[in-house]
Amino acid sequence: MAPPVLVAAIVLALAPPAVVAPPAYEYPFQNPRLPLQVRVDDLTGRLTLDEKISLLHQYQPAIPRLGIKLFKSGTEALHGLAWSNDYHDNGNVVTATATQFPQAVGLASSWDPGLVRRVGSAVGDEARQYHRQNPDVWGLNVWAPVVNLLRDPRWGRNEEGYSEDPLLTGELAVAYGTGLQGDDPRYLKTAPTLKHYLAYNNEVRRDTTSAFVPPRVLHEYDEVPFRIPLQANAATGVMPGYNLVNGRPNTVSPDLDSIRQWTDKPLFNPSDAFAPGNLTASQQYYATQAEANAAAIKAGINSFTQDGTNAAGTVDAVHAALDQGLLTVADIDDAVKQSLSLRFRLGEFDPDGGPFGGVTADAAANARLAREAAAESMVLLKNSGVLPLGAPKTVAVVGPLADTLYSDWYGGNMPYKVTPRQGIAERLGASGTVRSSEGVDRIALRETSSGRYVTGGSGASGAMLAANGTAADATAQFDVFDWGAGVVTLRSVANGKTVGYNWSGFANDQAQPNGWFVQQQFKLETRSDGATVLKYVGYESAFDWAPSYHNPYVVVQADGTLNLGAATAAEATAFTRSVVRGGVGDAVAAATGADAAVVVVGSMPFINGREDHDRTDLSLAEGQAALIRAVRQANPNTIVVVENSYPTALNWEQANVPAMLWTSHAGQETGHALADVLFGDVNPSGRLTQTWYRSAADLPPISDYDIIGSDRTYQYFTGQPLYPIGYGLSYTTFHYGQLSVGRSSVSVDVTNKGTRAGDEVVQLYTHQRTSRVEQPLKQLRGFQKVHLAPGQTRRVTFSVEPSDFRFWDVTRDRWVVEDATHDVLVGASASDIRATGTLRVRGETIPPRDLRPVTSASNFDTYSGITLVDFSKASGTSVGASAGGQWVRYADADLRGGPASFSGRFANPGAATTVQVRLDNPLSGPVLATLTVPTTGDPYAYTTVTGALARATGRHDVYLVFGGPVRLATFSLR
């Protein structure tokens, strides 16, 4: 007989399970078991019209009657949780103290999607943790990654992007976005937004300049890094850029809606900050904000980032648009549903906050990851046997970035900082010695007339600068950091703080240059009489409302304090500048006799290039270049570390310095990672993600977005770069075997021939030999980062499909794969090809152009002088001529049958003008017709112009040559 306890257990086991009642929900939208669309529709249907409109602003207010809390879009998390705004404190910036990884361009230099995904996941964890502490500040819609292509190395925001190559950028965006989102099929850890759609690569006049983007460049280049992550469902929306593309502001681009076809998920598209207001202000594209907001909503904007925390203007404009019939309630519902879909996917309306509601961050693990990422992203540019360092007893670590780490505009507060000097000293340990010098001049400024020295405060908060010192003691000494083009910053020796302008004078109270208007910039000018004058060059000086716009020079006031007050150097207060300690000499003294000298130079991220400010050249600061030369002369084992955010013209350094290493501003673990690489604990494996040119003379104007027509990027550049895309050295050597090319794959054996383990980035490029159009010289088709032990061989295989070789056919306005032979090129960079083969791709032959059907004028083959403009404010693109003699060419047109007439749709707001139809040459070719284009009075008012054509047959290039300013939308030859 079984024991009573066992009997009871058997009875319980056989009994039917107890029925557990499902939780009760007041509304269906609260039930996580229901499909997403059902929940969205239910909640939308419960909202009043006013409540719906309130959800169109960046700060979506709480709706207590439905239990809905405040929602904020837009937390910055580009390479670590960075900053957000406090709704309850007038939208003031709140900066996170969180793990800071290398800048985006640095992360990309790892060429390691797996690493980038882990970084994204860590950032997502920290965003969740901050959100749980204060959801009103730390929203879960993060504005990252930036996928604008690094088309021009002078772009101020180069630090924010990944690469000049669209495939590499797209794949890294997938990695970072996937990490941010998490791996749940229904829910999001955070909601990443891709920035900035589209063709946005210049900061100067960015809100009023229009990028001229021909169809091939649009589809083959600029769209690609947006399409790849959206097709992979690795992003939840796009943010339009401030600029215009082909005459239309991105904020009202119809693409914002049409790109939804790239994904099966809903998309939440926020505007950039204050961009909706630009539509009626700087861009003057619409007369009223009601028209502007209506157009933005219809185009695909779901959230207006306008007027900070104040939604009133946005709400009023949307109401006015409804009243005027510019919008319907259905338009509002559609925008609101996209927004609510995001919030549901974030788990906001689930009782437990969804599967990511309780996520916490592992600070120690993230710190280790930051060190790994910083080391893996460093690129060894040159090594003549100096690296890795063996067992040096004495290392000189010199240069303006030797013992400091700078944050950038899209960075947060580092929880700690390991500088290059600290990292190298820690690696050397007690058995070694580090000599250090920042290599900058330490000066004193003495007012010539009074003999008084300029002093700052010695306390942590500093003091107003004043000419009141009687001796050149610490309070009267300033370290001068040269950032190029004559711009310097002054750091007070008294308290280690940087001197800045505070609207009432100057004070030594800033930890580093910072702010939107960077107010810590000066020029020390030598006047013709030998006196030194101080010119203030803070970024707000470019605006006429700033005091420094009219009076940029510093004067000493009656009370001895320094302030703005002179329009010219002649009127400025004269100072005598004395050098207390020479920076170059100090660095040379540290380097002389050391076993190795590490010179750390580079940029200040708030000064040398950032949002709203492009660079004008590619050079190092003059003082930094001089420092390198002097140290190199003093020590044959000189290693230059360039710590900046963009390509730099290092021509002398490449020719004369034994070893060079590049790193982005790499975050809190920079010093440890640098030491890991210099001493060989980590074999460098970073590779450059964009072309490094020898000088800015190799580049067309930054405003030229036609990479095909201007021979831009590695794909079309015919010159000799300093370093090609994909370049980077290792402490070991890799051998490539014979290439095996199959119908759908390319394989190669890669062997580590050295004595150290290392990572090789194997890169697959192709070139199409024959084509109707100009094809890239090389185009990246795949890449793999492989780890190889000494002597190890691995077979690296890339899959290739015919569709990989498609390009945009302007003759038929669609993708095409041509029947052609392709060179297959595998190697260690775009210029270091180690194995080659050929691949025959079966496709089609593009037939001659048929100009009988209505042809979009924008689908030209080549052009001269013209630009592309908006057909209407809602959609479409036209060719715009601005002067006589400009033309467009339509190559290889089939004129068999002899077309008898030309018909074109023209808009002409000015005086009557002409258009010529020529064959084969725009200047000397046969003229088939000259037609008069009358005035239409408005750039959007089109009229049809027709005329007879002289007889012509056969295949010809057809040119349309414009006699003056005019717009052409479509045409046909019949």
Side-chain angles (χ1 to χ4, degrees), residues 371-372 374-405 417-440 583-602 624 626-643 650 653-663 666 669-686 728-733 754-758 790:
R371 182 171 182 167
E372 178 186 354
E376 195 172 336
S377 66
M378 293 182 179
V379 181
L380 184 61
L381 299 174
K382 182 180 179 181
N383 186 21
S384 300
V386 176
L387 295 175
L389 295 173
K393 296 297 183 183
T394 304
V395 177
V397 185
V398 301
L401 281 83
D403 202 24
T404 189
L405 296 182
K417 296 180 179 181
V418 183
T419 68
R421 182 195 65 78
Q422 291 169 332
I424 292 170
E426 182 180 321
R427 179 61 175 74
L428 282 177
S431 62
T433 300
V434 168
R435 303 175 186 166
S436 186
S437 166
E438 291 176 306
V440 300
V584 170
D586 194 50
V588 166
T592 301
D595 296 322
V598 179
V599 187
V600 190
V601 296
Q624 295 183 21
L627 174 68
I628 292 171
R629 293 179 186 236
V631 173
R632 170 65 183 88
Q633 185 174 3
N635 192 311
N637 295 323
T638 293
I639 302 140
V640 171
V641 176
V642 181
E643 184 179 342
L650 302 172
E653 292 77 11
Q654 172 62 26
N656 294 279
V657 173
M660 286 198 296
L661 188 77
W662 175 84
T663 175
E669 284 287 341
T670 298
H672 282 149
L674 179 61
D676 290 341
V677 171
L678 293 179
F679 286 86
D681 301 323
V682 171
N683 194 340
S685 63
L729 304 178
S730 171
Y731 293 152
T732 189
T733 56
T755 59
R756 292 175 176 268

>> To check you understand the geometry: which heavy-atom pair defines the closest contact between Phe679 and Gly390, and what is its length?
In response: CD2-O, 4.2 Å
> Lys417 and side chain to side chain contact (heavy atoms under 4.5 Å, CB included): which partner among Leu405, Thr404, Asp403?
Replying inline: Leu405
>> Applying side chain to side chain contact (heavy atoms under 4.5 Å, CB included) to Val640 and Leu661, what does each step give before you reach the verdict?
In response: CA-CA 6 Å; Val640 171; Leu661 188 77; over 6 Å; no
>> Within the structure provided, determine whether Leu674 and Thr663 are in side-chain contact (heavy-atom separation under 4.5 Å).
In response: no
> Can you name the side chain to side chain donor-acceptor pair (under 3.5 Å) partners of Asn637, sequence neighbours left out?
Replying inline: none
> So how far is it from Met378 CE to Glu643 CD, rounded to the nearest 0.5 Å?
Replying inline: 7.5 Å
> What are the two closest heavy atoms between Asn656 and Arg632, and how far apart are they?
Replying inline: O-NE, 2.7 Å
>> Within this structure, what is the CE-CG distance for the pair Met660 and Leu650, rounded to the nearest 0.5 Å?
In response: 5.0 Å
>> Could you report the tightest heavy-atom contact between Pro658 and Val386, atom names first, then the distance?
In response: CB-CG2, 3.3 Å
> Would you call Pro388 and Val677 a side-chain contact if the rule is heavy atoms closer than 4.5 Å?
Replying inline: no
> Rounded to the nearest 0.5 Å, what separation is found between the NE2 atom of His672 and the CD atom of Glu426?
Replying inline: 3.5 Å
>> Ignoring hydrogens, what is the shortest heavy-atom contact between Ser431 and Leu428? Give both atom names and the distance.
In response: OG-O, 3.3 Å
For residues 584-600, which side-chain N or O atoms pair as donor and acceptor with protein atoms under 3.5 Å away, sequence neighbours left out?
{"from": "Asp586", "atom 1": "OD2", "to": "Ser437", "atom 2": "OG", "distance (Å)": "2.8"}
{"from": "Thr592", "atom 1": "OG1", "to": "Val588", "atom 2": "O", "distance (Å)": "2.7"}
{"from": "Asp595", "atom 1": "OD2", "to": "Lys393", "atom 2": "N", "distance (Å)": "2.7"}
{"from": "Asp595", "atom 1": "OD2", "to": "Thr394", "atom 2": "N", "distance (Å)": "3.0"}

> Hey, does Leu381 have a side-chain heavy atom less than 4.5 Å from the side chain of Leu729?
Replying inline: no
> Are Arg421 and Val434 close enough, and set up right, to give a side chain to side chain contact (heavy atoms under 4.5 Å, CB included), and what steps lead you there?
Replying inline: CA-CA 8 Å; Arg421 182 195 65 78; Val434 168; 3.8 Å; yes
>> If you compare all heavy atoms of Ile639 against all heavy atoms of Leu387, which two are closest, and at what distance to 0.1 Å?
In response: CD1-CD2, 3.7 Å
> Excluding sequence neighbours, so at least two apart, what forms side chain to side chain donor-acceptor pair (under 3.5 Å) with Arg427?
Replying inline: Asp681
>> Looking at every heavy atom in both Tyr731 and Asn683, which two are closest together, and how far apart are they?
In response: N-OD1, 2.8 Å
>> Could you check whether any side-chain heavy atom of Ser685 comes within less than 4.5 Å of a side-chain heavy atom of Glu376, counting everything from C-beta outward?
In response: yes
